[in-house]
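Remarks on the structure that follows.
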Amino acid sequence: MNRNLNNQEVACLLQAIAAAYEVKNSNRFKIIAYDRAATAVENATSEVKDLWDDGKLRTLPGIGASIAQHLDELFRTGKVKHFNRLIKGLPPAMFEFLSISGIGAKTAYKLCQELEIKRAKTALVELEKAAKKGKIALLEGFGEKSQTDILEAILDFKKGRIKKKRMPLSYADAVAQDIIVYLKKSPATLKIDPLGSLKRRVATVGDIDIAVATKKPTEVVSWFVAYPKKKKLIEKGPTGASILLKGGCQVDLRVQKPEAYGSMLQYFIGSKHHNIHLREFALKKGLSLSEHGIKKGKKLKEYATEEQFYHDLGLPWIPPEIREDTGEIEVAQKGELPNLVKTSDIKGDFHLHSNYPLEPSHDEGKNSMEEMAMKAIELGYEYIGFSEHNPSLSHHSEKQIIDLVKRKNGAVEQLKSSCNKITLLNGLEVDIRPNGQLAFPEKGFDLLDYVVASIHSSFKMNKKEMTRRVLAGLEHPKVKILGHPTGRKLGQREGYELNWEKVFAFCKKADIWLEINAWPDRLDLPDVLVREAVKNGVKMVINTDSHALSQMGLMPYGVSVARRGWAEKSDIINTLSWLKLNARLKRT
DNA sequence: GCCGTTTTCGGCCCGACTGTTTTCAGTCG
């Protein structure tokens, strides 16, 4: 076994152990414990192997003394004797079946035994064959229906292997918005809200869930399933319906009477872990929670609003963005919830690409500086900075580069004289080259108000090298912002790894701001690192990285990332007025 | 096996759905 297991692999192993215990009818809480440990690992914000390196395994909630010891053995020796003993005698094929929707540990084991399927490698093929031959329906406890269900689930799984993508939040927003507008046209619709990860503003969304409050549920459901962009009806019932859209994404609708709308919102906004924790919390007060409301004994109380629901648990309303069970319930209990930053707090944007011809090696913007300045005024900003990519090094001499920037400066000055409603800054987005040098001549820096330093090449360096490269780039006193700090592109690439402890320490000391890039494919810094930055007292700046006017309106996506990272107004530099910000722009 | 501002022992989230059942076990979100 490989000792350098990633989180997904460790989670998978723990899941298998849970399944093994389940088949052996062990203490059910032990099964739950392994199951929870698996989820904890899967959702961990750092690699578990790294945590082990630092002796911090136990900091993951759900990993206790026993499992930590097993994982220690795993990372040291590549195997866990106790696990091996446990799995010995169980057919390897059963663990393959666990990936099939509708098959749990018990069913997986039974299928292996009855159908004599043992080898993991051919397990799914054999199961599919058995189903097609009608062998499953003959087994005790199975029937025709479960046989076709299994067959369908196998086909789904095979499809899912090729394509099971979550969509970017911005795409989900657009789809949801269209449906919301449509649903509002029904006179039976009283209230309407997005649910799930869409409402919590997670960077990517699986299915789109929407709630409607109504006194005429069947009317709303019928209206919904007649949505013109529907491709296929998946299911329809008295409490909701699911449809598949032509674009391929699934939309679930849930309807509820207005009196119980609040508890339903709370339940379906999630997250699952937030809700589980909240139910445990309630249980200690003798209350039982569900999507229907709060039960005390046998008496159920319904809730029209989420605020009332949380209030009756003795908690303030918790913003959906932080309902991830990462301490929000404890903090809410103490009355110390953060006052999260809002889009209306934002007073400027430091990362804009105009079409000024700086002859860069990366892409230019589509609109003029003037157009962008007008748009910024419309957005109510006090200041913006133009930060086009640096002129390409390979195609220009040092003098040519400086001349280009001087000319742009002139253009900015001219614009300033005709536009006094907003402060205009002369920035530049400069590549940090693989050796850590900035891709801009030293003599040119005096011409700039600030630099956004970013990585745009050689993404594959290891953590140590990349950290050295980034820190070297940040050394320069003109650098104020580290642009899209992890380099991730959602659904395309993971981004590089950095030693964040070092980066945070450096940024804090030098008052360098980490960018939260609002571009929907980036959303970089990611929310979990925003949280770390906040804890470390590192300031951030939310920028749109706009290459066109319309993109300047994407700021809310950056703000939601900041909110998911528990950032308050004071953590975000571009909430400052120009007066206060001006003083901080100069490095000391 | 995990965990603790009512607990280091004694608890451990809730309800719906489904299929194959005569009262429920397994799975899911």
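It should be emphasised that the depicted structure is a prediction, and the values quoted were computed from it without experimental measurement. Proteins get letters first, then strands, A, B, ... in listed order; numbering begins at 1 in each.
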Discussion item. Can a side-chain donor-acceptor contact be found between A/Asp312 and A/Tyr303 if the only test is distance below 3.5 angstrom?
Written reply: yes
Worksheet item: Using 4.0 Å as the upper bound for N to carboxylate O, is an ion pair formed by A/Lys145 and A/Asp149?
Response: yes
Worksheet item: Checking all strands, does A/Leu278 fall into the base, sugar-phosphate, or nothing category for heavy-atom contacts under 4.0 angstrom?
Response: nothing
Response to the item:
Whole-Å distance, A/Ile63 CD1 to B/dC2 P, equals 8 Å
Discussion item. Distance check, P atoms only: B/dG19 and B/dC12, in whole angstrom units.
Written reply: 31 Å
Response to the item:
A/Phe268 CZ to B/dG29 P, in whole Å, measures 12 Å
Practice prompt. Tell me yes or no: between the side chains of A/Glu126 and A/Thr122, is some donor less than 3.5 Å from an acceptor?
Written response: yes
Fill in: Span that lies between the C1' atom of B/dT6 and that of B/dG1, in whole angstrom
23 Å
Worksheet item: Which part of the nucleic acid does A/Arg36 contact within heavy-atom distance under 4.0 Å: base, sugar-phosphate only, or nothing?
Response: sugar-phosphate
Discussion item. Using atom C1' in both nucleotides, what's the gap between B/dT20 and B/dT27 to the nearest angstrom?
Written reply: 15 Å
Discussion item. Can you measure A/Lys30 atom NZ to B/dG11 atom C1' for me and round it to whole angstrom units?
Written reply: 17 Å
Item to complete: Determine which nucleotide pairs with B/dC2, using a 3.5 Å limit on both distances of a Watson-Crick or G-U wobble pair.
Response: B/dG11
Worksheet entry | Closest to the A/Ser66 side chain, choosing from B/dG29, B/dG1, B/dT27 | B/dG1
Worksheet item: Picking from B/dC12, B/dT27, B/dT6, which would you name as closest to the side chain of A/Glu22?
Response: B/dT27
Worksheet, complete the sentence: Between CD of A/Glu336 and C1' of B/dT5 the distance, given in whole Å, is 14 Å
Worksheet, complete the sentence: Atom CG of A/Leu57 and atom P of B/dC2 are separated, to the nearest Å, by 12 Å
Worksheet, complete the sentence: A/Phe29 has its side chain closest, among B/dC3, B/dC12, B/dC2, to B/dC12
Worksheet item: For atom C1', what is the distance between B/dT8 and B/dC14, given to the nearest Å?
Response: 28 Å
Worksheet entry | Where the chi angle of B/dT22 falls, syn if within 90° of 0 and anti if not | anti
Fill in: Sugar-phosphate, base or nothing in reach of A/Ile67, heavy atoms under 4.0 Å
sugar-phosphate
Item to complete: Scan A/Leu283 against the nucleic acid and name what it touches under 4.0 Å (heavy atoms): base, sugar-phosphate only, or nothing.
Response: sugar-phosphate
Discussion item. Suppose the criterion is salt bridge (charged side-chain N to carboxylate O under 4.0 Å, His left out): which pairs have a residue in residues 253-265 of chain A, not counting sequence neighbours?
Written reply: A/Lys257-A/Glu302
Worksheet item: B/dC2 and B/dT7: how far apart are their C1' atoms, nearest whole angstrom?
Response: 13 Å
Fill in: A/Gln333 or A/Leu98, whichever maps to the more 5' nucleotide of DNA chain B
A/Gln333
Fill in: Between P of B/dC12 and CG of A/Asp35, the distance in whole Å
18 Å
Result block: side-chain N/O donor-acceptor pairs under 3.5 angstrom for residues 261-268 of chain A, not counting sequence neighbours:
unit_1: A/Tyr261; atom_1: OH; unit_2: A/Asp193; atom_2: N; d: 3.4
unit_1: A/Tyr261; atom_1: OH; unit_2: A/Asp193; atom_2: OD2; d: 2.8
unit_1: A/Tyr261; atom_1: OH; unit_2: A/Ala211; atom_2: O; d: 3.4
unit_1: A/Ser263; atom_1: OG; unit_2: A/Ala260; atom_2: O; d: 3.2
unit_1: A/Gln266; atom_1: NE2; unit_2: A/Asn275; atom_2: OD1; d: 3.1
unit_1: A/Gln266; atom_1: NE2; unit_2: A/Tyr310; atom_2: OH; d: 3.0

Worksheet entry | For A/Arg522, side-chain hydrogen bond (donor to acceptor under 3.5 Å, both in side chains) partners two or more places apart | none
Worksheet item: Which sits closer to the 5' end of DNA chain B, A/Tyr21 or A/Glu280, going by the nucleotide each is nearest to?
Response: A/Tyr21
Worksheet, complete the sentence: Between CD1 of A/Ile329 and P of B/dG4 the distance, given in whole Å, is 13 Å
Worksheet item: Between B/dT7, B/dG29, B/dC3, which nucleotide gets closest to the side-chain atoms of A/Lys272?
Response: B/dG29
Worksheet, complete the sentence: So ring-ring contact (aromatic ring centres under 6.0 Å, His included) across residues 201-225 of chain A, not counting sequence neighbours, yields A/Tyr182-A/Trp223
Discussion item. Roughly how many Å apart are B/dG26 and B/dT21, using the P atom of each and rounding to a whole number?
Written reply: 13 Å
Practice prompt. Would you classify A/Ala282 as touching base, sugar-phosphate or nothing, given that sugar-phosphate means primed atoms plus P, OP1 and OP2, and contacts are heavy atoms under 4.0 Å?
Written response: nothing
Worksheet item: At under 4.0 Å between heavy atoms, what does A/Ala105 touch on the DNA or RNA strands: base, sugar-phosphate, or nothing?
Response: sugar-phosphate
Practice prompt. State, with a plain yes or no, whether a side-chain heavy atom of A/Thr214 is found less than 4.5 Å away from one of A/Glu219.
Written response: no
Discussion item. The side chain of A/Lys284 is closest to which nucleotide in this list: B/dG1, B/dT7, B/dC3?
Written reply: B/dT7
Discussion item. I'd like to compare against my own output: the B/S/- annotation of nucleotides 15-24 of chain B with a strict under-4.0 Å heavy-atom distance to protein.
Written reply: SS--SSS---
Worksheet item: Between atom CE in A/Met94 and atom C1' in B/dG26, what is the gap in whole Å?
Response: 13 Å
Discussion item. Tell me which pairs pass side chain to side chain donor-acceptor pair (under 3.5 Å) where either residue lies in residues 99-117 of chain A, with sequence neighbours left out.
Written reply: A/Asn25-A/Lys106
Fill in: Nearest-angstrom distance, P atom, B/dG10 to B/dC17
38 Å
